[in-house]
Amino acid sequence: MYRTHTCGELRDNHIGTETTLAGWVKKVRAFGSMTFVDLRDRYGVTQLFFNEELTQKLNEHSLGREFVIQVKGEVIERENKNPNMPTGHIEIKVASFEILNASETPPFTIEDETDGGDELRMKYRYLDLRRDINKKKLTLRYEVSRALRNFMHEQDFLEIETPFLIKSTPEGARDFVVPSRMHEGQFYALPQSPQLFKQLLMVGGYDKYYQMVKCFRDEDLRADRQPEFTQLDCEMSFVNQNDVLTLFEKLFKHILKETKNIDYPEALPQMTFAEAMERYGNDKPDIRFGMELNTLPFGIGKDDCGFNVFDKSELVVAINAAGCASYTRKELDALTDWVKRPQIGMTGLIYIKCNEDGSYKSSVDKFFDQEKLKAMAEQCNAKAGDLVLILCGKETLTRKAISELRLFMGDKLGMRNPEEFKALWVVDFPLFEHDEENDHWVARHHPFTSPKPEHTAWLGEKDKYGEILANAYDLVLNGNEIGGGSIRIHKKDLQQQMFKALGMDEEEANEKFGFLLQAFEYGTPPHGGMAWGFDRLCALLGGSESIRDFIAFPKNNAGRDVMLNAPAAIDDKQKAELGLK
Ligand code: ASP
């Protein structure tokens, strides 16, 4: 038997027992002629005590960090107890030991506070994984997955696998493709999601499907995107939007309870896309804090205030940073620089300080008298001591910028506590989005999402496309979209109309999605569903914004696996076999 106990389980009540432990050497401390070793495994750390004779033997092996050893000995009470360690009351008086394997000196310290940089830790991910902090993250991931699977099982869902070597399933990204050796010059695509298969499962009569599934999307990598990631993917038949939201709201609360022991009795609010944009400037509002947007009536044609920067703007919008009137010149300059960064793209920031004495100080007080400043401040519900921050310019850019500024101020003011969880549904998304660059309409969610019945007729009127709303919804948690879905189109003619609206002629639609259109001829039930970003959900529950840490072997921000050094070139023989040049 390699071990009788783990390194995390021995307590006072084990004192006097003989034990055998196996694990990694975390720390070696020579203490005169004796040695203390901290031994680590997945479950914790236990202190080992080696007497003079055993210390000599240890030294012959030049025992160092990360050696794998097995020790036999007696559990004894510790003289210097460590209340911060679960096993801190005891130690093992070692009677014999065996070195199971030696270790090179690790390239970074295997501690929560490590000295290893990101890339180095990714290169030696197997060592990084030994750190406690990472064990906790992967354990949480498992717990979330278990809670979720239990719930889906209780609700009578079947987990069904769908294939990876397929034809394109569009979710708005590029496909990863796999060349076929047997069919030279032809390629499979890896699924961006199992969307079409789950719809076909509904046609097949499996009315409650789910799957924990890998999805692959070849996107320009932004920070914290992974080219392969995991979804909780679901679909149901004979449901309307409310049925789907009700079920997934229950699932969300179940996971919070099971993994964080948090009760979430209140119903998740439902906010329309339009309202989210108006109040928060984006479609995934962080509702842990207020600081909502105030659109000021100083745009073109609304009020000629004599300040031509406002007059020329499509949008003048403000937030109220409560209690920030005391910001210094330097702090305000720093905020201005922040909004001027290329990622935000504003040309400047206007502020109104609401002084404690009832007066106003503003960066534009040349143009506005105290009364007008007061009117603007009041419109933002600003009181004495508050600071109004105003951005103006082009509609889309400015709305995005103020929403970023709001989050930035929320962080700065400590209003985005990662241990607080606030979720909502965003509903009534537009069906289409206009692609300015190519001047055509694209599906905002995906081409299989149904328009609201009352807007269906507008599919025939191009100038109405911008107004068509969809039965589509997102689940938003702490300012992050953790899931999205829709009620699907289940009638062939409507699906054909949709493809046409997206600029696909009949031939192309048949070539790409003929199998789906055909399936719709054989009794397709009304259906809908959603998918959750599982990695992101785990990260948020773990109090982190970074999904990478919650994946055992992630890619870096450039989409590389730095440990395997992938992607990599293939040799000429393999290329020839695949018919590639
Ligand atoms: N397939 C969609 C996605 O990956 C989710 C859904 O519509 O169910 O975003």
Side-chain angles (χ1 to χ4, degrees), residues 148 152 157-164 166-176 189-203 206-219 225-237 239-249 251-252 273 283-284 425-433 442-452 469-477 480-490 495 498 502 512-513 516 524-537 547:
L148 187 158
M152 298 311 274
F157 278 77
L158 294 181
E159 182 163 22
I160 301 175
E161 287 154 279
T162 52
F164 281 170
I166 63 164
K167 224 160 114 174
S168 180
T169 292
E171 294 282 357
R174 289 192 177 83
D175 289 323
F176 280 102
L190 299 180
Q192 292 183 34
S193 84
Q195 184 62 36
L196 291 169
F197 290 100
K198 66 174 171 176
Q199 291 193 238
L200 294 171
L201 283 170
M202 297 304 111
V203 184
Y206 295 85
D207 65 342
K208 286 177 167 187
Y209 140 93
Y210 89 102
Q211 184 181 191
M212 291 288 282
V213 62
K214 273 290 178 73
C215 300
F216 304 86
R217 296 186 190 176
D218 187 5
E219 289 177 292
R225 279 276 175 132
Q226 290 282 315
E228 58 174 302
F229 59 95
T230 305
Q231 278 189 345
L232 159 68
D233 188 47
C234 309
E235 197 73 6
M236 293 182 268
S237 293
V239 287
N240 58 31
Q241 174 163 320
N242 235 2
D243 299 323
V244 179
L245 302 198
T246 305
L247 181 99
F248 286 98
E249 184 159 335
L251 171 61
F252 170 73
F273 169 83
D283 59 2
K284 43 180 170 44
W425 291 107
V426 177
V427 298
D428 294 358
F429 277 87
L431 185 68
F432 296 117
E433 211 168 25
V442 294
R444 200 185 159 97
H445 188 46
H446 50 52
F448 318 105
T449 294
S450 61
K452 287 202 173 285
L469 297 182
N471 276 326
Y473 33 80
D474 276 357
L475 178 58
V476 174
L477 174 62
N480 291 274
E481 179 209 323
I482 57 166
S486 59
I487 298 299
R488 324 298 182 188
I489 296 170
H490 68 285
Q495 187 64 71
M498 182 69 183
L502 294 170
K512 285 189 170 150
F513 303 112
L516 182 76
T524 299
H527 61 284
M530 75 180 299
W532 287 18
F534 179 67
D535 311 285
R536 165 97 38 220
L537 174 67
I547 67 172

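On a predicted model such as this, the values are computed, not experimentally measured, just so you know. Whatever order the structure lists them in is the order used to number ligands and atoms, beginning at 1. Counting from 1, the numbers follow the sequence of the chain as shown.
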Does any N or O in the side chain of [X] come within less than 3.5 Å of the main-chain N or O of [Y], such that one atom is a donor and the other an acceptor?
X	Y	result
Ser450	Ile487	yes
Glu228	Lys214	no
Gln495	Pro447	yes

Just which atoms of ligand 1 are under 4.0 Å from any heavy atom in [X]?
X	result
Lys198	6 (C), 8 (O)
Arg488	6 (C), 7 (O), 8 (O)
His445	5 (C), 6 (C), 7 (O), 9 (O)
Gln231	3 (C), 4 (O)
Gly485	6 (C), 7 (O)

For ligand 1 and [X], I'd like to know whether there is a polar contact (N/O to N/O, distance under 3.5 Å).
X	value
Arg217	yes
Asp233	no
Ser486	no

#### Entry: Option among Leu201, Thr162, Leu158 that satisfies the side chain to side chain contact (heavy atoms under 4.5 Å, CB included) test with Gln211
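Of Leu201, Thr162, Leu158, side chain to side chain contact (heavy atoms under 4.5 Å, CB included) with Gln211 is met by Thr162 alone.
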Between [Y] and [X], does any NZ, NE, NH1 or NH2 come within less than 4.0 Å of an OD or OE carboxylate oxygen?
X	Y	result
Lys452	Asp428	yes
Arg225	Glu219	yes
Glu235	Arg488	yes
Asp233	Lys198	yes

### Task
Assess Glu481 for proximity to ligand 1: is some non-hydrogen atom of it under 4.0 Å away?
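Judged by the 4.0 Å heavy-atom criterion, Glu481 does not count as contacting ligand 1.
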### Query
Is it true that Gln192 lies under 4.0 Å from ligand 1, counting heavy atoms only?
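Per 4.0 Å heavy-atom rule, Gln192 does not contact ligand 1.
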### Query
Any idea which part of Ser193 is under 4.0 Å from ligand 1, heavy-atom wise: side chain, backbone, both or neither?
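Just the side chain.
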### Query
Which one of Gly172, Gly484, Gly528 has a non-hydrogen atom at the shortest distance from atom 5 (C) of ligand 1?
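Looking at heavy atoms only, Gly484 sits closest to atom 5 (C) of ligand 1.
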### Query
Among protein heavy atoms, which sits nearest to atom 2 (C) of ligand 1, and what does the distance come to when rounded to 0.1 Å?
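Ranking protein heavy atoms by distance from atom 2 (C) of ligand 1, first comes Glu171 OE2, 3.3 Å.
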### Phe164 atom CZ: more than 12 heavy-atom contacts under 6.0 Å
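Atom CZ in Phe164 is crowded, with more than 12 foreign heavy atoms closer than 6.0 Å.
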